[in-house]
Amino acid sequence: MQNRMMITGAGSGLGREIALRWAREGWNLALSDVNEAGLAETLKMVRAAGGDGFTLRCDVRDYSQLTAFAQACEEKFGGIDIVVNNAGVASGGFFDELTLEDWDWQIAINLMGVVKGCKAFLPLVQKSKGKIVNIASMAALMQAPGMSNYNVAKAGVVALSESLLVELKPEGVDVHVVCPSFFQTNLMDSYRGPTPNMKAQIAKLLEASPITAADIANLIHEGIAKGTFMILPHDEGRMAWQIKQQNPQAIYDEMTNLTVKKRSKAKAI
């Protein structure tokens, strides 16, 4: 380990907090995002926290931009030790309301962006015997109503991570997947969906959470140090996942009840 980390979606939110958590230990950070102003602010904060690094604008939908980012890491750092595929967007809407364009947009960023990030950086982490950290969501495990395209994309990230875990372990590469529940973040800035009131419902849940993005970053740091594959930062998330493993029907029934509530709220507005 030479303390070199790359992070996508580092211009704000969880990506920025992950950068700051490792910056406090003096790491070199390769930061990417489509938000160049946000990236510049993150790098400034990283340096103030004790780290250093560089920024590069990168749209994770474009594989050539990710391979260029990997090449920049090799040229500037001589390689990379931890890859954090964090870039993501929010979406919502019941399946009958979502368009195929909504599905394409969500899958292209939240799933294929992670696939492409892993593919572009794989040679570097194989060389360093480093780590891949993929940011998924509790939505990958619980499949709440009114967000099927998001659920499917994040579930794909978990399945990808499980596949890489077993394929790369013999090569000395560790893989982690993070499944946070609601936490205070600016994720809703990227929200796309057919029902504006659903955006408001999700935003309320995010704002009401006592857990911040910085808290999540700390818990990711702890989980990686312990060698935990699936990092579930929230107590209620761990409890819900345990219940689903033991009695999936109980969760399906709860989600069905939640569907009825969500649809009635939509009609009332």
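Here the structure is a predicted model, which means the values were calculated and not measured.
Using a 4.5 Å cut-off between side-chain heavy atoms of Ile, Leu, Val, Met, Phe, Trp and Tyr, with links allowed through other members, V34 and V89 fall into different hydrophobic clusters. Under the 4.5 Å side-chain contact rule for hydrophobic residues, Y252 and L141 do not share a cluster. No continuous path of hydrophobic side-chain contacts links L219 to I132 [ILVMFWY only; heavy atoms under 4.5 Å].
Ring-plane geometry between W22 and H221 is classed as tilted, the angle between the planes lying from 30 to 60 degrees on a 0 to 90 degree scale.
Classification of K169 and D174 as a salt-bridged pair holds, one side-chain N sitting under 4.0 Å from a carboxylate O. Checked for salt-bridge contact, D52 and K44 miss the test: no charged N lies under 4.0 Å from a carboxylate O.
C118 has its side chain out of reach of V83: every pair of non-hydrogen atoms, C-beta onward, lies at least 4.5 Å apart. Within the 4.5 Å cutoff, the side chain of I251 has heavy atoms near those of the M142 side chain. Within the 4.5 Å cutoff, side-chain heavy atoms of V133 are placed close to those of I82. T42 places a side-chain heavy atom less than 4.5 Å from the side chain of V46. At a threshold of 4.5 Å between non-hydrogen side-chain atoms, the residues L100 and W105 do not count as touching. Using a 4.5 Å heavy-atom cutoff, the side chains of I107 and M112 are in contact. At a threshold of 4.5 Å between non-hydrogen side-chain atoms, the residues H234 and M239 do not count as touching. Within the 4.5 Å cutoff, the side chain of R57 has heavy atoms near those of the Q65 side chain.
For the pair T8 (side chain) and S32 (backbone), a donor-acceptor distance under 3.5 Å is absent. The closest donor-acceptor contact from the side chain of R21 to the backbone of A214 lies at 3.5 Å or more, if one exists at all.
Nearest heavy-atom pair across K154 and I135 is NZ-O, 3.3 Å. The two residues R16 and G38 come nearest to each other via the heavy atoms NH2-O, 3.0 Å. Heavy-atom minimum distance, A136 versus V177: CB-CG2, 3.8 Å. In plain terms, the two heavy atoms of I231 and T228 that are nearest each other are CG1-O, 3.8 Å. Scanning both residues, T259 and F94, for their nearest heavy atoms gives CG2-CE2, 4.0 Å. Counting all heavy atoms, side chain and backbone alike, I243 lies closest to A250 at CG2-CB, 4.4 Å.
For D253, there are no salt bridge (Lys or Arg N to Asp or Glu O under 4.0 Å) partners at least two apart in sequence or on another chain.
Between the side chains of D215 and T212, at least one donor N or O sits under 3.5 Å from an acceptor N or O. S161 and N134 are linked by a side-chain donor-acceptor pair at a separation below 3.5 angstrom, with hydrogens and angles left out of the test. A donor-acceptor contact under 3.5 angstrom links the side chains of N149 and S91, judged on distance only. Q143 and K244 share a side-chain donor-acceptor pair at under 3.5 Å.
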E74/L124 under side chain to side chain contact (heavy atoms under 4.5 Å, CB included): CA gap, chis, key distance, verdict = CA-CA 8 Å; E74 190 162 25; L124 295 185; 3.9 Å; yes

message = Assess the residue pair W241 and C179 against the criterion (side chain to side chain contact (heavy atoms under 4.5 Å, CB included)); give the C-alpha distance rounded to whole Å, side-chain angles, the decisive distance to 0.1 Å, and a yes or no.
response = CA-CA 10 Å; W241 178 229; C179 297; over 6 Å; no

task = Could you check W27 against R4 for side chain to side chain contact (heavy atoms under 4.5 Å, CB included), going step by step and ending with a plain yes or no?
result = CA-CA 6 Å; W27 280 55; R4 305 162 299 184; 5.5 Å; no

key: F54 and L31: CA distance, side-chain angles, deciding distance, side chain to side chain contact (heavy atoms under 4.5 Å, CB included) verdict   = CA-CA 6 Å; F54 72 94; L31 310 169; over 6 Å; no

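Taking CG of L56 as the reference point, atom CE of M6 lies at 11.0 Å (rounded to 0.5 Å). The CG atom of L98 sits 5.0 Å away from the OG atom of S148 when rounded to the nearest 0.5 Å. A distance of 13.0 Å separates CD of E41 from CG of D33, quoted to the nearest 0.5 Å. If you take CG on L29 and CD1 on I18, they are separated by 10.0 Å, rounding to the nearest 0.5 Å.
Judged by the 6.0 Å and 45° rule, K116 forms no cation-pi pair with Y63.
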